[in-house]
Amino acid sequence: MKLTQENIDKIIKGDKRLISRTITYIENSEDDKHEILKALYKHTGKAYKIGITGPPGAGKSTITDCLISLLVKQGYKVGVIAVDPTSPYTGGALLGDRVRMTDSSLLENVFIRSMATRGSLGGLCKSVNDVCSILDASGKDFIILETVGVGQSELDVAKTADSTVVVLVPESGDSIQAMKAGLMEIADLFVINKADRQGADEIITGLKNMLHLRAPEKHSREIPVVKTIAASHKGIDDLLSEIVRHREYLETTGMMLKKKRAQIENEVIEIVETGLRKNFWTDRNRQILEQNIDKILDKNTDPYTLSETLFGL
Ligand SMILES: Nc1nc2c(ncn2[C@@H]2O[C@H](COP(=O)(O)OP(=O)(O)O)[C@@H](O)[C@H]2O)c(=O)[nH]1
Ligand SMILES: [Mg+2]
């Protein structure tokens, strides 16, 4: 695929079909994807990235849907990347989210993309940064990244997002779970969704207590806890206000610049590691590996020495 100037202009203007085609192309990891991303990169930098993570069923998609309508009503352009667990039956992203988001996706200023995690549990897939860049270049003011919080994926979303929202529900044990999973450290704000259920106030109190127990010198900003009933669009205004406040906090304290630098660092490391994995096993290196297996078996050499040989050390 060759990205002509005409097509670049189309993407920048938000041409949905072309954005969609470009993302599909990049997801399939074609060899020349870097050329496309390079051409688009100078047009990025405007979008504010909101990560939404939390356990399955907490209401992340419902909240995302509410945020989309709120942002679009305010005249913003919104991109959404929903990373869903791979369905064991189809190997594709679960359909549920897409169906529910249909209303919003009809709106001209919204672009929604579901991505499968390709087998790994939760986890942001490798091309999320790439897709983010494409949506950013296409003039989106906000990009919402929805990911199921399973292990590593929360940490990944926190590395990519400007504001990380952790969604919990009143069910017992959730706040303790949050502590364990390291969610405390990555959350820029918490949402207690399904506040129509019993125990919402208790978990809010519990969570606030835990947040207060953290070392104050390390945390100059109080982490807000927002109560929502996303199913009936309640509390979403508050959530958006808190996101906006967090953004202002990052900008006024100079932390935004630090965050951007960290994001760039992380992105480069990821590109390099992907490249290494892809390019390291040349025919020659494969051959060296295979030729030495018997030697290792006979203890004439060992895996460490062979690795060093492969690295050319
Ligand atoms: N009672 C109640 N149910 C909700 C609320 N928000 C979402 N749900 C429901 O919870 C289920 C899971 O929501 P979903 O947004 O798909 O969760 P996700 O897996 O975190 O994306 C759906 O059936 C929603 O309708 C809420 O505030 N209260
Ligand atoms: Mg969802």
Side-chain angles (χ1 to χ4, degrees), residues 46-55 57-82 97 100-112 135 139-147 149 154 157-158 160-171 174-175 178 183 186-208 211 221-253 255-256 259:
K46 185 173 148 220
Y48 191 78
K49 289 168 276 177
I50 304 167
I52 302 195
T53 189
K60 299 178 296 297
S61 298
T62 317
I63 289 170
T64 301
D65 221 1
C66 294
L67 276 177
I68 294 169
S69 10
L70 204 57
L71 288 166
V72 168
K73 269 185 220 149
Q74 294 183 8
Y76 292 115
K77 296 187 170 75
V78 185
V80 178
I81 305 174
D97 286 331
R100 230 172 307 129
M101 284 180 177
T102 308
D103 286 351
S104 324
S105 61
L106 293 174
L107 296 164
E108 200 39 51
N109 287 339
V110 183
F111 185 95
I112 295 167
L135 293 182
K140 302 294 177 279
D141 301 289
F142 289 90
I143 298 173
I144 304 177
L145 300 155
E146 185 207 328
T147 57
E154 298 100 351
V157 78
T160 304
D162 300 314
S163 291
T164 299
V165 178
V166 174
V167 183
L168 299 173
V169 285
E171 267 70 67
D174 253 348
S175 54
L183 289 177
I186 63 146
D188 295 308
L189 46 128
F190 277 103
V191 166
I192 303 300
N193 188 39
K194 308 200 184 181
D196 51 320
R197 290 195 185 163
Q198 249 183 358
D201 290 329
E202 284 83 343
I203 189 188
I204 290 173
T205 311
L207 198 54
K208 283 189 173 164
L211 290 167
R221 169 182 165 267
E222 187 155 349
I223 309 281
V225 182
V226 183
K227 195 157 107 174
T228 62
I229 307 175
S232 38
H233 289 249
K234 288 207 179 103
I236 307 298
D237 304 33
D238 295 342
L239 170 58
L240 187 56
S241 310
E242 289 298 350
I243 293 170
V244 170
R245 270 188 57 198
H246 179 236
R247 181 183 194 168
E248 284 163 5
Y249 166 82
L250 291 175
E251 273 160 3
T252 52
T253 55
M255 278 171 73
M256 187 68 103
K259 210 178 241 285

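Only this structure's heavy atoms are used, side chains among them; waters, hydrogens and symmetry mates stay out.
Smallest separation of non-hydrogen atoms from Ala195 and Ala200: CA-CB, 3.8 Å. Across all non-hydrogen atoms, the minimal contact from Cys66 to Ala230 is SG-O, 3.4 Å. Closest of all the heavy-atom pairs between Ser69 and His233 is OG-CE1, 4.4 Å. Residue Lys60 comes nearest to Pro55 through the heavy atom pair NZ-O, 2.7 Å, listed as atom of the first residue, atom of the second, then distance.
Interatomic distance, CG of Leu135 versus CG of Asp141, reported as 12.0 Å (0.5 Å rounding). Put simply, CG on Leu70 and OG on Ser241 are 8.5 Å apart, with the number rounded to the nearest 0.5 Å. In this structure, Leu250 CG and Ser163 OG are separated by 6.0 Å, a value rounded to the nearest 0.5 Å. The structure places CD of Glu251 at 4.5 Å from CE of Met256, a figure rounded to the nearest 0.5 Å. Interatomic distance, CD1 of Ile143 versus NZ of Lys46, reported as 10.5 Å (0.5 Å rounding). Atom-to-atom distance recorded for Gln198:CD and Ile203:CD1 is 14.0 Å, nearest 0.5 angstrom.
A salt bridge does not link Arg245 with Glu248: none of the charged nitrogens is closer than 4.0 Å to a carboxylate oxygen. Between Asp196 and Lys234, no side-chain nitrogen of the basic residue sits less than 4.0 Å from a carboxylate oxygen of the acidic one, so the salt-bridge criterion is not met.
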What verdict does the side-chain contact (heavy atoms from CB on, under 4.5 Å) test give for Tyr48 and Ile243, after you've listed the backbone C-alpha separation in whole Å, the side-chain angles of each residue and the deciding distance to 0.1 Å? CA-CA 10 Å; Tyr48 191 78; Ile243 293 170; 4.1 Å; yes

> Stepwise, does the salt bridge (Lys or Arg N to Asp or Glu O under 4.0 Å) test hold for Asp162 with Arg247?
Replying inline: CA-CA 8 Å; Asp162 300 314; Arg247 181 183 194 168; over 6 Å; no

side-chain contact (heavy atoms from CB on, under 4.5 Å) for Asp65 and Leu67? Distances and angles first, verdict last. CA-CA 5 Å; Asp65 221 1; Leu67 276 177; over 6 Å; no

With side-chain contact (heavy atoms from CB on, under 4.5 Å) as the criterion, how do Ile223 and Asp188 come out once you've worked through the C-alpha distance, each side chain's angles and the decisive distance to 0.1 Å?
CA-CA 6 Å; Ile223 309 281; Asp188 295 308; 5.7 Å; no

**OP:** Determine, step by step, whether Asp201 and Lys227 satisfy the salt bridge (Lys or Arg N to Asp or Glu O under 4.0 Å) criterion, reporting the C-alpha distance in whole Å, the side-chain angles of both residues, the deciding distance to 0.1 Å, and the verdict.
**Re:** CA-CA 9 Å; Asp201 290 329; Lys227 195 157 107 174; 2.9 Å; yes

>> Between Ile204 and Lys208, does the side-chain contact (heavy atoms from CB on, under 4.5 Å) criterion hold? Intermediate values first, please.
In response: CA-CA 6 Å; Ile204 290 173; Lys208 283 189 173 164; 4.1 Å; yes

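Between Thr53 and Val167, the closest side-chain pair of non-hydrogen atoms is not below 4.5 Å. Proximity of Ile68 to Ile112: side-chain heavy atoms (C-beta onward) are separated by under 4.5 Å at one or more points. Looking at heavy atoms from C-beta onward, Lys194 lies in side-chain contact with Pro170 at the 4.5 angstrom threshold. For the pair Ile50 and Leu145, the minimum side-chain heavy-atom distance is 4.5 Å or more. Phe190 is listed as a side-chain neighbour of Leu211, based on a closest heavy-atom distance under 4.5 Å.
Between the side chains of Thr228 and Asn193, a donor-acceptor pair is found at a separation under 3.5 Å.
Among residues two or more places apart in sequence or in another chain, the side chain to side chain donor-acceptor pair (under 3.5 Å) test is passed with Lys140 by Ser138.
The only option from Val191, Thr64, Thr147 that meets the side chain to side chain contact (heavy atoms under 4.5 Å, CB included) definition with Ile52 turns out to be Thr64. When each of Val165, Val166, Val225 is tested with Leu189 by the rule side chain to side chain contact (heavy atoms under 4.5 Å, CB included), just one qualifies, namely Val165.
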Side-chain donor-acceptor pairs under 3.5 Å in residues 71-78, sequence neighbours left out?
none

